[in-house]
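Fair warning: this is a prediction, and the values are worked out from it, not measured in the lab. In what follows, chains are A, B, ... by sequence order, proteins preceding strands, each numbered from 1.
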Amino acid sequence: MNRLEMKTAHKLVGTFNYQLGQLEKGYANRTLYINLSTNGFAEKPVTELMKQKFIGGRGFGLKLLWDGIQGHTQWNDPENELIISPGPIGGITQYPGAGKSYVVALSPLTQSAMDSNAGGHFGPFLKFSGWDALEIQGKAERDVIVFIDGTKGTVTIEEAPLEAVNSHILVEQLTDMYAESEADKGTISVVAAGEAAEHTLIGLLNFSFYDARRKAVRVKQAGRGGMGTVFRDKHIKALVIKSPKVRGDLNNPADMSALKKAGQKIHEEIRTLDDSQCRMRKVGTAHLTQIMNDYDLLPVRNYKFGSHPEATKIADDVFLAKYFHLNGHDECWYGCSLACAKVVKSFQLKTGPYQGKEVLVDGPEYETTSAAGSVLGIFDPEFVIETNFYCDTYGVDALSFGTATAFVMECYENGVIDDRVTGGLKLNFGNAEAALELLHRMAKGEGFGKMAGLGIRRMKKLFAEQYGANPDFLQDIGMEVKGLEFSEYVTKESLAQQGGYGLANKGAQHDEAWLIFMDMVNHEIPTFEDKAEALFYYPMFRTWFSLNGLCKLPWNDIVPADNHLTAEPAKVPEHVHNYVEIYNGVTGANIDDKGLISQSEVVYNFQRVFNVRMGFGTREYDQVPYRAVGPVTVEEYESRQDRYDAQLKDILNLDPEGKTTAEKVQILRNYREEQYRKLCDAVYLRRGWDANGIPTIKTLERLGIDFPEVAAVVKKKMTQG
Amino acid sequence: MIKVNGKDYPWEEGLSIKQLLVNKGFTFPLLVVILNGKAIADNEYVGTVVNDGDEVKIIHLMSGG
C-alpha cells in the first residue's frame with residue numbers, strides 16, 4: 001500500500017488554527033490542550049506562577065495532570081492525560097543534551113503520576129511550533145493521528161486506519177507522508193508506540209528524528225511506566241509534528257553569549273577527554289556493561305548475582321567491533337557532541353513477523369545489554385540486538401520486559417509456574433529462544449504473553465492466587481517498587497542505592513540517584529545522615545534536568561580535566577555552574593546553584609503529594625524487595641559467602657562458624673532490613689517529611705506550594721494516619 | 001599496610017597508583033585519586049609511588065543514564 005492510499009483514507013475529525021509566534025526566553029507562554037473524546041482544542045496560558053513553581057518539562061506535566069484528573073481517576077479512564085513538555089532550555093543547540101521530551105501520565109503500572117523521557121526531536125519541535133506542552137485527554141473512538149503543523153499554525157485530528165502500528169514502519173510512513181521532500185524530512189518528528197502497547201501495561205513511546213546522513217528515521221524511547229500503553233488506550237496511533245527549520249536562536253534566549261560560552265567549553269572537553277573517559281562517542285552507555293560486571297553490579301539471573309564470566313560477550317568492545325555503525329554524528333538533538341545514540345545500521349532478524357528482514361536498530365545501550373541479556377542469563381549480542389529492536393517496534397519497555405521476564409524465569413525454575421501456564425515456553429534462565437517468543441506473544445496479546453505483560457506486581461498476585469505460590473517468596477524476588485520494574489543495577493551492597501530505588505517518586509528507576517560507587521566503593525557516606533544528604537542532593541539535582549528538557553549525560557559522563565581538584569568532584573561543580581549559566585542565559589533569571597536545587601525541591605515534593613493524592617506516597621510504598629537488599633536464597637549467600645561471612649563478623653560481631661547458611665541468611669536479613677528502615681527515617685527527616693514519608697505542611701509552606709488543594713491532600717492523609 | 005578509602009589494604013614495595021588500581025580491580029575510568037590529601041592527575045598514576053602507611057582515596061564518580 002502506498003502513502004497516497006493511506007493518506008487518502010484519513011478522515012479529518014478535528015481542526016484547530018492558532019497564531020504562530022516567537023518564543024520568549026525559552027517559553028511559548030501557552031500550552032496546547034486536545035480532547036480526543038470531543039475532538040476539542042484549547043489554548044491555555046502559562047502563568048508566571050506556573051513558570052516560577054513548575055519551570056517546565058516534568059513540572060508542567062505534573063501540574064497539568066494534577067488539574068486534569070481526580071484522586072480516583074484510573075489510568076485507562078478517558079480523564080487520564082498524556083502530557084509532553086520539553087522545558088525552557090529544551091531546543092537550544094549550543095550546549096549538549098538539550099533535546100529531551102518529558103512525558104507525564106497516570107501509569108498503568110503504578111496508578112500514580114509517572115514521568116518518562118526521550119531524546120529525538122519532538123519536544124523542541126513542539127516548542128518551535130508554539131507550545132510549551134501538549135496535553136491530551138479523552139479517548140478517540142478509532143485510531144487517530146494528531147498532526148501539529150508548526151509552519152502553518154494548524155492542528156488536526158485525523159482518523160488513520162491503514163498505517164502500521166509498529167513503530168519502525170509507522171515512523172517511516174508518516175515521515176514520508178508529512179514531509180514535502182527528502183530535504184524536508186528533518187522538520188518532521190513522530191511519536192509512536194506499537195502493537196504490544198495495546199496488550200501489555202509496559203508500553204513505551206518512540207520519539208523519532210531524521211538522520212540525514214544515514215537517510216533513516218531513528219527513534220529514542222520514553223520507556224518507563226507504560227506511557228505507550230496510555231497512548232494506545234487513547235487510540236492514538238501517532239503524534240506528528242512539522243517544525244519550522246531549526247536555528248540556534250529559536251528560543252530567543254536572554255543572553256546568547258552565556259550559552260555559547262558554556263557550550264564552547266564543554267564541547268572542547270568532550271573533544272579532548274571523551275576517548276580517555278567514558279567513550280560515549282564510540283560506544284554510548286554500553287561502556288558500562290563490562291564495568292558493572294567488574295564491580296559485581298551487573299544483574300545476572302534476576303539480580304541473584306552481579307557478575308558472570310560470559311559478560312564479556314555482551315560488552316562494548318563486541319558491539320563496537322562488529323555491530324555499531326559510527327559516522328561521528330550520533331546525536332539525537334542538534335549540537336550534542338557527546339553523540340551517544342549508537343546504531344546498528346543493518347541487522348537481519350532471525351525471529352518474529354519481520355524474520356529475514358534487514359533493519360536498523362537504535363542501540364543497544366547499557367540497560368539493554370542487561371535487560372535483554374545478563375538479567376536473563378543470556379550472553380548473546382545478537383539476542384540483545386534482536387530483543388532491542390522488537391521491544392522498540394512493538395512499543396515495549398525493554399527494562400520492564402527484561403526484569404519481568406527474569407522474574408518469570410526464576411518462578412519457572414522454582415516450579416511456581418510450569419509449561420501449562422507458559423503455554424509450553426521453557427522459560428529457564430539462558431533460553432533466548434523462549435524469551436523472544438514470549439516477547440512476540442506479548443505483542444499479540446496471546447497466552448502467557450498477556451499475563452507477563454501485566455508486569456511483576458500483578459504477576460505476583462496472580463501467581464499466588466491462581467497457582468498457590470508463596471507470596472513472601474514472590475515479594476522477595478519480584479524486582480519492582482511501587483509497581484515499576486527495577487532498572488539494571490544490583491544494589492545489595494549499597495544501602496544508599498536501595499534508597500535510591502525505593503524512595504524514588506516514580507518507582508524503581510535510577511534516574512533520581514545513582515550512589516553505588518559513592519557508598520559501596522568510596523565509603524564517602526558512612527552514616528545515615530550522610531546517605532540521607534546524598535538522597536536529598538542528587539534526586540533534587542537530577543530532577544532539575546527533567547524540568548528543563550535536558551539530558552543528564554553531559555553532566556557527569558564527561559568531566560573537566562581539573563575536576564579532581566574541586567572540593568566535591570562527584571558533583572562536577574563546573575558543569576553545575578554551566579547549568580546555572582545556561583538557565584539564566586535562556587530565561588533571564590538570576591539563580592545560583594542553590595536556586596537550582598530549590599526549583600527541583602518544589603516539583604519533587606509536589607510529585608510526592610501527588611502520590612499521596614492517588615492513595616500512595618507513604619512509607620509502605622517505599623519498601624523494596626529483599627533481593628535488592630541482600631541474598632534471598634542459600635544459593636545467593638553461598639555465591640558470595642566470604643563477603644557475607646566477613647560482614648557477620650565485622651559488623652555484627654557474630655562468628656559464622658557452626659551456623660547453617662539458612663541461619664546466616666536470616667541473621668543478615670534482620671540486620672539489613674533494619675538498616676533500610678533507619679535509612680528511610682533519616683531521608684524523611686532530611687526532606688522535611690513526617691515519619692510516614694509525607695511532606696509536612698511546614699515543608700509545603702517553605703516551598704510555596706501550600707496551595708489549598710495540595711495542603712488539603714496532606715492534611716486529609718495526616719488525619720487518617 | 002596502607003589505607004584505601006578508609007580500609008586497610010596490603011602494601012608492596014614499589015606500589016604505584018596505577019598498579020594499585022589494577023590490584024583493586026578498579027576499571028571505572030572516572031576516578032579521583034587523592035594520596036595523603038593531595039590530588040593526583042591521571043597522567044601521574046604510573047609514576048606516583050605509594051609508601052607504606054600512606055592513605056589513598058580512590059573516588060569513583062558516576063556515569064550512565
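Looking at every heavy atom in both residues, W555(A) comes nearest to M62(B) through CH2-SD, 4.4 Å.
Rounded to the nearest 0.5 Å, atoms CG (D650(A)) and NZ (K7(B)) are 8.0 Å apart.
Taking non-hydrogen atoms and a 4.5 Å limit, the residue list of residues 40-54 of chain B in contact with chain A, ordered by number, reads I40(B), A41(B). For residues 13-31 of chain B, the interface with chain A (any heavy-atom pair closer than 4.5 Å) comprises G25(B), F26(B), T27(B), F28(B), P29(B), L30(B), sorted by residue number. Contacts of residues 562-575 of chain A with chain B at a heavy-atom distance below 4.5 Å involve N563(A), H564(A), L565(A), P569(A), A570(A), listed in sequence order.
For Y102(A), there are no ring pair (Phe, Tyr, Trp, His ring centres under 6.0 Å) partners, not counting sequence neighbours.
The part of S276(A) that comes within reach of chain B is its backbone (N, CA, C, O), which places non-hydrogen atoms under 4.5 angstrom from that chain. Neither the backbone nor the side chain of F545(A) has a heavy atom closer than 4.5 Å to any heavy atom of chain B. For chain B, the nearby part of E524(A) is the side chain; its heavy atoms alone come within less than 4.5 Å.
Between H287(A) and S63(B), some side-chain heavy-atom pair lies under the 4.5 Å cut-off.
With hydrogens and angles ignored, the 3.5 Å screen pairs a side-chain donor or acceptor of N5(B) with a backbone N or O of V521(A).
The side chain to side chain contact (heavy atoms under 4.5 Å, CB included) test with N522(A) is passed by exactly one of I58(B), I59(B), L61(B): I59(B).
Comparing N556(A), I291(A), I558(A) by how many heavy-atom pairs each has under 4.5 Å with chain B, the most go to N556(A).
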